[in-house]
Amino acid sequence: MLNIGVLQEGFVLDHIEAGKSMEIYNYLNLNKFDCCVAIIKNARSNKMGKKDIIKIECSIDAIDLEVLGFIDHNITVNIIKDDKIVEKKRLSLPKEIKNVAKCHNPRCITSTEQELDHIFVLTDPRKEIYRCKYCEEKYRRKKL
Amino acid sequence: MRHLMSPLDFSVEELDQLLDLASDIEKHPEKYAHACDGKKLATLFYEPSTRTRLSFEAAMMNLGGNIFGFSSAESSSAAKGESVSDTIRMISCYADICAMRHPKEGAPMVASAVSSIPVINAGDGGHQHPTQTLTDLLTIRSLKGRLDNLTIGLCGDLKFGRTVHSLVRALARYKNITFIFISPEELKIPSYIKEDVLEAQGIPYQESERIEDVMPDLDILYMTRVQQERFFNEADYIRLKDFYILNNKKMKLAKEDMIVMHPLPRVNEISVEVDKDPRAAYFRQVQYGVYVRMALILTLLEVNLC
Ligand SMILES: [Zn+2]
């Protein structure tokens, strides 16, 4: 498999659904970071057939990865420090996400008051349902 | 400090206390006539709803308090582009409590986050209208003597009616409630209410297309308006609308102690001939709306008369 160097410190996001890596890149606002990012698309995977991988070289407290749990909690997060994997993080569904997704209900107060944060709250962990904090509209995840 | 955003904000016990207070107000109005002397209620109505606004204003006046506010967005600072947050910060300096009606869903919650006075949601778009639900609960408890062991028929537009959805969620917290949903196919109760609220808690319900079929079983018939614009074509509307008009002939099938409720305004879904029937409770419901709002104002202002 294509190999892009070894990280000294940073994250390896593994088991990303094939083709979804750019979306994750955007969600994490990686374009705003100065760090070195490698995106590997369609890597072979025993478990998934094909998968994407993102390697990010940065200080491990530079990025909040909690939002990944909202996007796809099957992603494996490997935290690297001093050339070693120090933690394999399991992702869980965050209770609340702020300014990650927008409420699309045209009747929602966030549609007219632009300065409000867009906040979604996990209302049903079993069915993985998030609702807008203000209007309670269900958040519909984009089908890939 | 507490606000009221949704009818489920109060626990069943807190609700009991609130309804007890409302019933005491009904029996001894004079005791409460000066309970809010010197206090001010602001009615912030970003869209007109005369009925709800007057009910809040009457409630505060019955308590000896004063009222001020606006009754449409054009006459408010929103017309100049002021945010809900800024408006409530200003109103907090003038009033002790406020009732907010807003066409945008979640606006009262935005207000409550920065307000230094209690905010009552007086209706936000198609989202919540908690004081209507409290009114319905007080009416049922006062006229039936209980909120459990009831069979309630909800009739009309069950798909879009937030009043119906809120009432179902509120009554689902009590024991031995059976729901009967009476509506045309096009306006059936949404599946998320059936699945997430009723089936999830094992609460029995049935669905029916005709009032007559279920009338003898009902302790309460809750009527709502069937609007023509909800139908795909006029033929369906004409075919179905008479099914959902309550008249004396249909009332003959009902129990003697059944009550008929309606959030009002009615158009023609209840014939005026039914008004004389002692089981017609929809005008008494309006009176209960004032009592429950009085109890709510006292509760949120933490006024104790002992
Ligand atoms: Zn919303």
Side-chain angles (χ1 to χ4, degrees), chain A residues 17 23 26-29 64 66-74 91-144, chain B residues 3 5-9 44 46-47 73-74 76-89 100-115 119 121-130 133 160 162 165-166 168-169 190-197 199-201:
Chain A
E17 209 179 304
E23 205 179 314
N26 290 330
Y27 264 121
L28 293 175
N29 290 317
D64 179 13
E66 217 200 348
V67 65
L68 282 179
F70 170 73
I71 303 160
D72 180 358
H73 56 87
N74 294 314
L91 292 170
S92 56
L93 292 168
K95 290 208 162 51
E96 193 178 286
I97 50 158
K98 199 172 179 179
N99 296 329
V100 174
K102 274 194 174 301
C103 181
H104 294 297
N105 176 3
R107 299 176 312 275
C108 180
I109 185 67
T110 55
S111 69
T112 44
E113 301 216 345
Q114 308 296 331
E115 79 288 1
L116 290 170
D117 288 325
H118 284 245
I119 299 171
F120 284 84
V121 181
L122 179 64
T123 54
D124 187 339
R126 201 173 47 87
K127 291 188 184 163
E128 301 182 13
I129 291 170
Y130 282 86
R131 289 187 182 276
C132 172
K133 182 183 166 185
Y134 306 103
C135 70
E136 295 182 74
E137 183 91 341
K138 213 189 259 184
Y139 178 74
R140 288 180 205 291
R141 285 166 205 239
K142 278 171 275 175
K143 275 268 169 281
L144 291 156
Chain B
H3 308 283
M5 294 295 121
S6 141
L8 301 183
D9 285 358
L44 313 177
Y46 289 84
E47 66 178 0
E74 294 74 53
S76 79
S77 44
K80 297 192 190 110
E82 187 176 59
S83 70
V84 166
S85 301
D86 283 2
T87 303
I88 194 70
R89 285 191 182 101
M100 178 183 286
R101 174 88 164 203
H102 202 290
K104 291 289 177 176
E105 301 173 3
M109 177 177 274
V110 170
S112 71
V114 296
S115 177
V119 177
N121 180 0
D124 60 336
H127 183 218
Q128 300 282 4
H129 188 9
T133 308
F160 300 99
R162 70 176 167 191
H165 302 170
S166 289
V168 170
R169 286 179 193 275
S191 56
Y192 67 85
I193 298 273
K194 289 190 277 186
E195 289 160 18
D196 299 353
V197 183
E199 287 163 20
Q201 300 180 75

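Keep in mind that the numbers below use all heavy atoms, side chains included, and drop hydrogens, waters and symmetry copies.
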ask   = Between Val84(B) and Glu113(A), which heavy-atom pair has the shortest distance, and what is it?
value = N-OE2, 2.8 Å
message = How long is the straight-line distance from CG of Asp196(B) back to CD1 of Ile129(A), given to the nearest 0.5 Å?
response = 6.5 Å
request  = Using the test side chain to side chain donor-acceptor pair (under 3.5 Å), find all partners of Ser166(B) that sit at least two apart in sequence or belong to another chain.
outcome  = none
key: Gln128(B) vs Glu136(A) side-chain heavy atoms within contact, under 4.5 Å   = yes
Atom group of Lys133(A) that falls short of 4.5 Å from chain B, counting heavy atoms = both
Residue Arg169(B) excluded, over 12 heavy atoms near CZ under 6.0 Å = no
query = Is it the backbone or the side chain of Glu137(A) that comes under 4.5 Å from a heavy atom of chain B, or both, or neither?
reply = neither
ask   = Taking non-hydrogen atoms and a cut-off under 4.5 angstrom, which of residues 100-109 of chain A neighbour chain B?
value = Asn105(A), Pro106(A), Arg107(A), Cys108(A), Ile109(A)
note = Bottom line for Ser111(A): the part with an atom under 4.5 Å from chain B's heavy atoms is side chain
key: Closest heavy-atom pair and its distance - Met109(B), Tyr134(A)   = SD-CA, 4.1 Å
request  = Could you tell me which residues satisfy ring-ring contact (aromatic ring centres under 6.0 Å, His included) with His102(B), sequence neighbours excluded, listed by chain and number?
outcome  = Tyr46(B)
ask   = Can you name the side-chain contact (heavy atoms from CB on, under 4.5 Å) partners of Ser92(A), sequence neighbours left out?
value = none
ask   = Among Ser83(B), Pro103(B), Pro108(B), who wins on heavy-atom pairs under 4.5 Å with chain A?
value = Ser83(B)
